[in-house]
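In what follows, a structure is listed as structure tokens, so that the remarks can point back to it.
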Protein chains: 2
Amino acid sequence: MVTDPTGRGDLFSPDCPTRQLLDRIGDKWTSMAVKVLAERHPGTVRFSDLRRAMPGISHKMLSQTLQKLAADGLVTRRVDDTLPPSVHYGLTDLGRSLEEPLAVLREWAEAHMAEISAHRGVHA
Amino acid sequence: MVTDPTGRGDLFSPDCPTRQLLDRIGDKWTSMAVKVLAERHPGTVRFSDLRRAMPGISHKMLSQTLQKLAADGLVTRRVDDTLPPSVHYGLTDLGRSLEEPLAVLREWAEAHMAEISAHRGVHA
DNA sequence: CTGTATCCTCCAAGATACTG
DNA sequence: CAGTATCTTGGAGGATACAG
């Protein structure tokens, strides 16, 4: 557990890097991309594969999402310099290590979805 | 692991309820509120306490966040009908069960923050 | 003190078109 | 096929004022 030297949990400062990181990995598309990549063999997934696997994502969003993931060292990017070019993505070790925490959250959501729906219904 | 009967992971449908739920709990303020409430005794936290504990959140956002959490059955809300009125919040059992998965994610972020910062720096 | 309603701003994200 | 650039917009979220 990290607590900063001032005595305040630094997670609660708006400009805390860890909080920003959390915002990013909590992102819908980010977590989804990590899951898709985790389910396939590293370096075998093409841009268009990802698009197909992520219904509703736009061309642009996927591009941006992958860029951020690559910039953070979570995914690898390999360009085959063919014509037309194809690009393959895969998780790094770091990226793979993120899949577990995300899975825990997904499982919680799946496990409690019904209960929550029911509760919403009651208080409609 | 839930996979729907059609053979498609239903998490990937844009209108999948579980995906919507994930979007909500991945929300910055939601996860922060759960953490704050988890760290205190149930039913002892006032609106203004939460505001102070969550730097940067606006009046409106806190109100909305708590409403959603209450609607989903994750937090309780008790109104002391005094003057001026005071309202106390606490996690339900369901809410408490969410803290663990969120903690796992926070810990991942804290553990790997340095590594990711370093990677970003390299590719500045 | 807690909460709601109104207005307003601004940016995330879609659509589209273009390049290598 | 993969990616970038431009333009546009819906809606999330802040500020403010007011009510109970």
Result of checking A/Arg106, A/Lys35, A/Arg40 against A/Glu99 for salt bridge (Lys or Arg N to Asp or Glu O under 4.0 Å): A/Arg106
OP1 or OP2 of C/dT2 under 4.0 Å from side-chain N/O of B/Ser48: yes
Nucleotide of C/dT2, D/dC1, C/dG3 approaching A/Pro85 most closely (side-chain heavy atoms): D/dC1
Atom-pair distance (CE on A/Met32; P on C/dA13), nearest Å: 14 Å
Rounded interatomic separation in angstrom, taking CZ from A/Arg24 and P from C/dA12: 12 Å
Contact nearer the 5' end of DNA chain D, comparing B/Asp27 with A/Val79: A/Val79
Under 3.5 Å, which N/O atoms of the protein pair with N/O atoms of nucleotides 14-16 of chain C?
{"unit_1": "C/dG14", "atom_1": "OP2", "unit_2": "A/Ser58", "atom_2": "OG", "d": "2.7"}
{"unit_1": "C/dG14", "atom_1": "N7", "unit_2": "A/Lys60", "atom_2": "NZ", "d": "3.4"}
{"unit_1": "C/dG14", "atom_1": "O6", "unit_2": "A/Lys60", "atom_2": "NZ", "d": "2.3"}

Whole angstrom value for the distance that separates C1' of C/dA13 from CE of A/Met54: 14 Å
Interatomic distance, A/Arg19 atom CZ to B/Ser31 atom OG [nearest 0.5 angstrom]: 9.0 Å
Near-strand residues of residues 63-78 of chain B, defined as heavy-atom separation under 4.0 angstrom from DNA chain C: B/Ser63, B/Gln67, B/Arg77
OP1 or OP2 of C/dT2 under 4.0 Å from side-chain N/O of B/Arg46: yes
Heavy-atom check, side chain of B/Trp108 versus side chain of A/Leu102, under 4.5 Å: no
Test item: B/Thr92 side-chain N/O and B/Gly73 main-chain N/O as donor-acceptor pair under 3.5 Å: yes
Least distance between heavy atoms, B/Met113 atom then A/Leu21 atom: SD-CD2, 3.6 Å
Integer-rounded Å distance: D/dG3 P and A/Asp80 CG: 12 Å
A/Tyr89 side-chain N/O to D/dC1 phosphate OP1/OP2 under 4.0 Å: no
Inter-residue atom distance B/Leu11.CG - B/Thr18.OG1, 0.5 Å rounding: 6.0 Å
Carboxylate-amine/guanidinium contact B/Asp49 B/Arg46, below 4.0 Å: no
Side chain B/Asp27, main chain B/Trp29, donor-acceptor under 3.5 Å: yes
Donor-acceptor pair, side chain of B/Arg96 and main chain of B/Leu91, under 3.5 angstrom: yes
Nearest-angstrom distance from the residue atom CG of B/Leu62 to P of C/dG3: 8 Å
